[in-house]
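As structure tokens, the structure follows; a few thoughts come after it.
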Amino acid sequence: MTDTELDLPTIHMAVPMPGFPAHREFVLVRLNDEGLLYAFTSIEDPSLRFLVAPPEPFFPDYAPEIENEVFAALNTQDPDRLLVMVVITAGVDETTANLLAPIIVDRDAHRAMQVVLTGSNMPVRAIMRKAF
């Protein structure tokens with residue numbers, strides 16, 4: 001079964017992810033029953049997938065400051081519509097999350113962008129541990 005057969009809403013990147021300008025359409029495929037891991041998968045090239053997760057179970061104090069430019073790019077003013085996902089790097093010894101550049105998804109409009117949190121001291125490789 002291919003990702004396009006999963007009947008998931010297409011997420012349009014309002015701004016392409018850095019390094020992937022040709023990839024604008026993605027789907028978010030749940031990888032486990034708990035809803036903690038997802039594959040952010042390119043429709044144009046399903047072999048291009050990013051492992052992502054909601055930060056709350058791993059980093060309960062993580063609350064990135066979303067700037068007005070992000071709201072404008074996503075065409076929303078409502079922070080409750082936004083879903084924050086962090087990009088995961090799974091390693092042999094440890095798994096890390098990029099807290100500096102989360103992917104912000106507007107749940108209603110299915111628009112997204114990866115945001116670099118300028119002026120923050122968030123790490124690019126924060127070690128992941130479940131907080132519960």
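Remember, it's a predicted structure, so these values are computed and weren't measured experimentally.
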**Asked** How many angstroms lie between CG in Leu99 and CE in Met122, if you round to the nearest 0.5 Å?
**Response** 6.5 Å
**Sub-4.5 Å side-chain heavy-atom contact between Ile103 and Met17** = yes
**Asked** Side-chain contact, heavy-atom cut-off 4.5 Å: Phe71 with Ile66?
**Response** yes
**Request:** Report yes if the side chains of His110 and Val105 come closer than 4.5 Å at any heavy-atom pair, otherwise no.
**Result:** no
**Request:** Would you check if Val70 and Met113 make a side-chain contact, meaning some heavy-atom pair closer than 4.5 Å?
**Result:** yes
**Asked** Nearest heavy-atom pair of Tyr38 and Pro54: which atoms, and what distance?
**Response** CE1-CD, 4.1 Å
**Asked** CD/Glu69 to CG/Leu74 distance, rounded to the nearest 0.5 angstrom?
**Response** 11.5 Å
**Single-linkage hydrophobic cluster, 4.5 Å side-chain cutoff, Val87 and Val116 together** = no
**Request:** Taking the side chain as every heavy atom from C-beta outward, state whether Glu44 and Arg24 have any atom pair closer than 4.5 Å.
**Result:** yes
**Request:** Please report the closest heavy-atom contact between Gln114 and Ala101, naming both atoms and the distance.
**Result:** NE2-O, 3.0 Å
**Test item: Tyr62 and Val84 side chains (from C-beta on) under 4.5 Å apart, heavy atoms** = yes
**Asked** Are any non-hydrogen side-chain atoms of Val27 and Pro9 less than 4.5 angstrom apart?
**Response** no
**Asked** So, Ser47 and Asp45: side-chain donor and acceptor under 3.5 Å apart, yes or no?
**Response** yes
**Asked** Got a sec, which residues hit side-chain hydrogen bond (donor to acceptor under 3.5 Å, both in side chains) with Glu25, two or more places apart in sequence or on another chain?
**Response** His12
**Message:** Can you classify the ring geometry of Phe50 versus Phe20 as parallel (below 30°), tilted (30 to 60°) or perpendicular (above 60°)?
**Reply:** perpendicular
**Item:** Criterion side chain to side chain contact (heavy atoms under 4.5 Å, CB included) on Glu67 and Val115, from CA distance to verdict
**Value:** CA-CA 9 Å; Glu67 296 183 7; Val115 178; over 6 Å; no
**Request:** Could you tell me whether a side-chain N or O of Arg125 sits under 3.5 Å from a main-chain N or O of Asn98, the two making a donor and an acceptor?
**Result:** no
**Message:** With rounding to the nearest 0.5 angstrom, report the CG to OG1 distance, Leu31 to Thr41.
**Reply:** 7.5 Å
**Request:** Please answer: with hydrophobic residues joined when any side-chain heavy atoms are less than 4.5 Å apart, are Ile11 and Leu82 in the same cluster?
**Result:** no
**Request:** State whether the side chain of Arg111 and the backbone N or O of Ala73 hold a donor-acceptor pair below 3.5 Å, judged by distance alone.
**Result:** yes
**Request:** State the CG-CG distance between Asp78 and Asp108, to the nearest 0.5 angstrom.
**Result:** 7.5 Å
**Asked** Hey, quick one: are Ile43 and Phe40 part of the same hydrophobic cluster, counting side-chain heavy atoms closer than 4.5 Å, chains of contacts allowed?
**Response** no
**Item:** Smallest separation among heavy atoms of Pro21 and Gly19, with atom names
**Value:** CD-C, 3.4 Å
**Item:** Arg81/Asp106 salt bridge by N-O under 4.0 Å criterion
**Value:** yes
**Asn32 atom CG: more than 12 heavy-atom contacts under 6.0 Å** = yes
**Request:** Give, for atom CZ of Phe26 and atom CE of Met13, the distance between the pair rounded to the nearest 0.5 Å.
**Result:** 6.0 Å
**Item:** Option passing side chain to side chain contact (heavy atoms under 4.5 Å, CB included) with Leu51 (candidates Thr89, Ile88, Thr95)
**Value:** Ile88
**Message:** Please report the interatomic distance CD1(Ile127) to CG(Asp93), rounded to the nearest 0.5 Å.
**Reply:** 10.0 Å
**Asked** What are the two closest non-hydrogen atoms of Val52 and Met85, and how far apart are they?
**Response** CG2-CE, 3.7 Å
